[in-house]
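In what follows, every heavy atom counts, from backbone to side chain, and hydrogens, waters and symmetry copies are set aside. Lettering follows sequence order; numbering is per chain, from 1. Quantities reported herein were computed from a predicted structural model and do not represent experimental measurements.
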Amino acid sequence: MTDRTTPDTPDVHLDEDLSAYLDGELDPGARRRADEHLAVCADCRAQLDALGRVRALVRHAARIEPPPGFVERVVRERRRRRFTPAIAAVGGLAALWLLVVGVVVAGPPRVEPPVGDIAAAHAGLGQGAAPSRGDLRADEITFTRADEDEIPNEFRPPNDLAGAEFADGYRATDRPGWLVAYDDEGATIAIYQELGEYLVGRLPGGGEQFEIDGSRAWRRQDVEGRNAVVVQRGWMVYTLVGEVEVNRLIELAEELPERDEPETPSMGDRLNDAVDRFLDGFSVGV
Amino acid sequence: VTPAGHLRSVPAGAPTWEQVARDYGRFIYTVAYRLAGNHDDAQDLVQEVLVRVQRGLATYQPGSMEGWLSRITTNAFLDEVRRRRRRPVEPLPDVPDRLPVGNPAPDEALARESLPDHIQAALVGLPEDYRIAVVLCDVVGMSYNEIAETVGVPVGTVRSRIHRGRSMLRGVLVP
């Protein structure tokens, strides 16, 4: 409020001061002036009343219960994983040095399971996961066929997965993941793997959350009867797609290995590497 | 790594991240849900907050745990908002949004039914800046100064956002 007008016909109102008044955030002088104004201004009194009701509604609606067991499950899952120690525990100079050499300490990457793309890639695989010729193209990801020995260890699931047989492996372009195809008695099952923690909010609508062997999971069926299951196993997010019963996908998911945090060079090794790189650069410069 | 392993890097008297998760999980979830607007995004936000709690406990100064957690939750939410602006969710033509598998678990259905939907919907309808200000004020109970510090804007801006946010809510919630 910036103007004082005749008490009977105030034409300058409290406006933003009303919420601050309601919250006890006006200084004593402003509060006294607001009281005087409210005593003569029916418009501001009505607005104050309405804002008070809004505030009460939001306050009363405040406490939300998480889904039962949610917090416990997050704690349980995270406790099972190794976790990178807090960088903040490192002293100031050392932290600065780590920043200089580009060492980043972070939690698990956040994974958006590409369910639609895996479904599209699945459609491109032959029956019984017959080796596809060339690349598998989905909307956003292209998968390039790789020989079995090219698949890094952490992305190489067992040859026999709950009775399904490993058929092919594909490296994803534009994403740090691998797709493996299994032959399940003539039906093809595609399993996409990416390290990190999956985001529920980035999954397609209409799915259902559940648990597999104590790990959080999500499932959904599309109109063509193709099923999709996403499961968090340690640090690995698996997305399974197949034209089989959802329970069959869950059987496979139960057998998928739980992965540890990927091995990273020790802090000492990283510092040595950084120093080596620095010295190399220096000698080149000289 | 055992909880004791984390304790080594945490100041004396500070709780472990697991204690924070257990004691403040409901609180974090409430703030996350009010900011994010739905259960799925709230769950993702809580997971991210707990990662940041795990990383940040070493710098936690004994004080208002709820204030500290609200600040982390707000920052994580803002980061997500920025990320989504850069990369909006694409529709998935191969998996259309229908035919959910079975019914939601009874517990989940109960959690969803107990929500005051119209209030949540009204909050979600606010611009993010207004929503954050209203949530920190009315859900968390922060003062304008604390909100200003959390969000990194002047107190006058906080006052204005809260008032505009409430005025917009009024149009929807109060006849």
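Using a 4.5 Å cut-off between heavy atoms, B/Arg164 contacts chain A through its side chain alone, with no backbone atom that close. Neither the backbone nor the side chain of B/Val135 comes within contact range of chain A, judged by heavy atoms closer than 4.5 Å.
Within the model, atoms CD of B/Gln47 and CZ of A/Phe70 stand 5.0 Å from one another, a figure rounded to the nearest 0.5 Å. In this structure, CG in A/Asp23 is found 4.0 Å from SG in B/Cys137, a value given to the nearest 0.5 Å. Remark: B/Arg166 CZ to A/Leu57 CG distance equals 12.0 Å, nearest 0.5 Å. From A/Arg53, atom CZ reaches atom CG of B/Leu169 across 13.5 Å, with rounding to the nearest 0.5 Å. Taking CZ of A/Arg55 as the start and CG of B/Leu173 as the end, the distance is 15.0 Å to the nearest 0.5 Å.
Under the 4.0 Å criterion applied to side-chain N and carboxylate O atoms, B/Arg159 and A/Asp17 are assigned as salt-bridge partners. Using a 4.0 Å cut-off between charged side-chain N and carboxylate O, B/Glu80 and A/Arg110 make a salt bridge. Under 4.0 Å is where a charged nitrogen must lie from a carboxylate oxygen, and between A/Glu16 and B/Arg161 no such pair does.
Taking chain A as the reference chain and counting heavy-atom pairs below 4.5 Å, the highest number among B/Leu45, B/Leu123, B/Asp41 is found for B/Asp41. Contact count against chain A (heavy-atom pairs under 4.5 Å) is highest for B/Ser160 among B/Ser160, B/Ala21, B/Gly25.
In this structure, A/Pro67 and B/His39 approach most closely via the heavy-atom pair CD-ND1, 4.4 Å.
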Margin query: Checking B/Glu18 against A/Arg76 for the salt bridge (charged side-chain N to carboxylate O under 4.0 Å, His left out) test, could you report, in this order, the C-alpha distance in whole Å, the side-chain angles of both residues, the deciding distance, and whether it holds?
Written below: CA-CA 9 Å; B/Glu18 291 187 27; A/Arg76 195 174 59 233; over 6 Å; no
Checklist line | Verdict with supporting geometry, B/Arg170 and A/Gln47, side-chain contact (heavy atoms from CB on, under 4.5 Å) | finding: CA-CA 9 Å; B/Arg170 177 195 173 184; A/Gln47 210 189 337; 3.1 Å; yes
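Looking at B/Asp44, its side chain does come within 3.5 Å of a backbone N or O of A/Val200 through a donor-acceptor pair.
Residues A/Val75 and B/Arg22 meet the side-chain proximity criterion, which asks for heavy atoms closer than 4.5 Å. For the pair B/Ser143/A/Glu25, a side-chain contact is recorded, criterion being any heavy-atom separation below 4.5 Å from C-beta on. A/Val71 is not listed as a side-chain neighbour of B/Tyr29, based on a closest heavy-atom distance of 4.5 Å or more. For the pair A/Arg216 and B/Gln43, the minimum side-chain heavy-atom distance is 4.5 Å or more. Side-chain contact between B/Asp40 and A/Gln209 is present, with at least one heavy-atom pair separated by less than 4.5 Å.
When the shell of 6.0 Å around CD of A/Glu72 is examined, it contains more than 12 heavy atoms from other residues, nucleotides or ligands.
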